[in-house]
Amino acid sequence: MSTLSVSLILLAAVVHAVWNILAKGIRGNGTLFVWWYGLVSSVVLIPVSLLEPGAWQSWGWPLVGAAVVSGLLHTVYGTALQTGYDRAPLGVVYAVARGTGPMITMLVAVLFLGEQLSLTAAAGAVAVLVGVAVVATFGTPTSTRDDDAGPTRGSALTGVLWGAAVGACIAGYTLWDDHSMAALDLPPVLYFALTSVVLVLTLTPKAWRQRQEMAHSWAVDRNRIIAVGLLSPLAYILVLFAMQSTPVALVAPLRESSIVVGSLLAWWIYKENRLVPRLIGCAAVLTGIALISA
């Protein structure tokens with residue numbers, strides 16, 4: 001793997017952890033938050049994407065079709081993530097989601113794509129499960145809060161369940177987007193711009209039904225909406241660029257280094273305690289991901 005690819009993926013991991021910290025602390029409606037930041041991403045990315053080399057030449061049904069599928073997957077991911085953050089500690093949801101995504105990808109490859117499961121990969125899957133169990137066991141704060149600094153209510157089991165659901169979404173869009181980058185050779189910025197547009201269009205009917213809350217959602221979460229609307233696409237576009245020249249099996253484990261960053265930020269900002277056991281669990285997850293991808 002080139003130094004450039006490694007740098008892109010590690011930077012993406014840090015940016016990803018930061019925007020998830022911001023998403024955890026919203027005070028308004030979760031669905032409207034996703035709709036708003038998707039709208040910000042679309043407004044920013046569409047004009048920028050038209051300046052991307054090869055963007056005009058790539059227009060066609062393959063681009064549109066791939067973006068529609070990706071947009072639907074990212075819509076489910078975004079809403080599931082916000083629901084999980086509303087109901088459980090960030091340190092649990094984030095670690096489980098980032099850990100189970102690569103493991104689910106591996107299972108799909110074995111069960112449906114005909115790939116063989118090596119002993120190393122099997123050991124990696126066990127390490128991921130152990131790490132997730134450690135994070136879940138020590139993931140519930142000793143005290144709960146529900147104030148302007150961000151809610152931490154909810155049980156570890158709830159966090160594991162929502163984290164696993166988010167992990168399934170991550171596996172889905174990672175496999176699809178890797179296909180779009182590697183096989184279809186689509187321009188990353190334009191591709192994700194259209195993905196963001198699809199997300200907004202998909203959530204618009206539900207957002208319209210909750211239109212009485214839209215102004216309030218913007219008022220209380222405006223800064224977070226803008227920040228996530230910029231940071232979320234930045235993190236993923238960096239990964240898409242890396243996917244163009246690097247196998248997804250190598251991209252995935254480096255990308256999941258965000259687990260450690262997310263756990264540290266959850267401990268620091270939201271006072272989710274028991275840092276050492278969390279980091280031990282995260283280390284086990286990262287080791288497992290590396291073995292799965294070996």
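The analysis underlying the following values was restricted to heavy atoms, covering all of them including side chains, and did not include hydrogens, waters or symmetry mates. The shown structure was predicted, so the numbers you read here are calculated from the model rather than taken from an experiment.
- Closest of all the heavy-atom pairs between Ala242 and Ile9 is CB-CG1, 3.7 Å.
- Between Val34 and Leu199, the shortest heavy-atom distance links the atoms O-CD2, 3.7 Å.
- Two residues are said to be in side-chain contact when any heavy atoms from C-beta on lie closer than 4.5 Å; Phe33 and Arg224 meet this criterion.
- Side-chain contact check for Asp177 and Tyr191: at least one donor-acceptor pair (N or O, by modelled atom type) lies under 3.5 Å.
- Residues Ile26 and Val228 fall within the same hydrophobic cluster, defined by Ile, Leu, Val, Met, Phe, Trp and Tyr side chains chained together at heavy-atom separations under 4.5 Å.
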(request) Go through the steps for Thr31 and Gln82 under the test side chain to side chain contact (heavy atoms under 4.5 Å, CB included), then give the verdict. (result) CA-CA 8 Å; Thr31 299; Gln82 287 306 134; over 6 Å; no
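- Using modelled atom types and a 3.5 Å distance limit, the side chains of Trp35 and Thr204 yield a donor-acceptor pair.
- Going from atom CG of Leu201 over to atom CG of Leu194 covers 10.5 Å, rounded to the nearest 0.5 Å.
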(message) Is there a side chain to side chain contact (heavy atoms under 4.5 Å, CB included) between Asn20 and Tyr85? Walk through the geometry before answering.
(response) CA-CA 9 Å; Asn20 274 262; Tyr85 284 166; 2.6 Å; yes
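- The two residues Val200 and Leu39 have their closest heavy-atom pair at CG2-N, 3.3 Å.
- Taken from CG in Leu63 to CG in Leu190, the straight-line distance is 5.0 Å, to the nearest 0.5 Å.
- One hydrophobic cluster, built from ILVMFWY side chains closer than 4.5 Å, holds both Ile237 and Leu184.
- Atom-to-atom distance recorded for Leu175:CG and Ile104:CD1 is 10.0 Å, nearest 0.5 angstrom.
- With hydrophobic clusters built from ILVMFWY side chains whose heavy atoms lie under 4.5 angstrom apart, Val239 shares a cluster with Leu11.
- Heavy-atom minimum distance, Ser196 versus Gly38: CB-O, 4.1 Å.
- To the nearest 0.5 angstrom, Leu291 atom CG is 11.5 Å from Leu119 atom CG.
- Centroid-to-centroid, the aromatic rings of Tyr173 and Tyr236 come within less than 6.0 Å.
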(message) Run Phe241 and Leu4 through side chain to side chain contact (heavy atoms under 4.5 Å, CB included) and show every step you take.
(response) CA-CA 10 Å; Phe241 273 112; Leu4 177 59; over 6 Å; no
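- The aromatic rings of Tyr77 and His74 stand perpendicular to each other, their planes meeting at an angle above 60°, with 30° marking the opposite boundary.
- When every heavy atom of Gly84 is checked against every heavy atom of Val93, the shortest pair comes out as O-CG2, 3.7 Å.
- In this structure, the side chains of Arg27 and Ser217 stay at 4.5 Å or more apart for every pair of heavy atoms.
- Considering CG of Leu231 and CH2 of Trp19, their distance stands at 9.5 Å, rounded to 0.5 Å.
- Side chains of Leu72 and Val68 form a contact here, defined as non-hydrogen atoms less than 4.5 Å apart.
- Using a 4.5 Å cut-off between side-chain heavy atoms of Ile, Leu, Val, Met, Phe, Trp and Tyr, with links allowed through other members, Leu230 and Leu238 fall into the same hydrophobic cluster.
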(request) Would you check, one step at a time, whether the test side chain to side chain contact (heavy atoms under 4.5 Å, CB included) holds for Phe192 with Leu240? (result) CA-CA 9 Å; Phe192 198 73; Leu240 293 178; 4.2 Å; yes
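- Although no hydrogens or angles enter the test, the distance criterion places a donor-acceptor pair under 3.5 Å between the side chain of Trp176 and the main chain of Ala66.
- Linking ILVMFWY side-chain heavy atoms closer than 4.5 Å, directly or via other members, places Leu50 and Val64 in two distinct hydrophobic clusters.
- The two residues Ala235 and His16 come nearest to each other via the heavy atoms CB-N, 3.9 Å.
- A distance of 14.5 Å separates NE2 in His179 from OG1 in Thr174, rounded to the nearest 0.5 Å.
- Looking at Ser232, its side chain never comes within 3.5 Å of a backbone N or O of Gly229 through a donor-acceptor pair.
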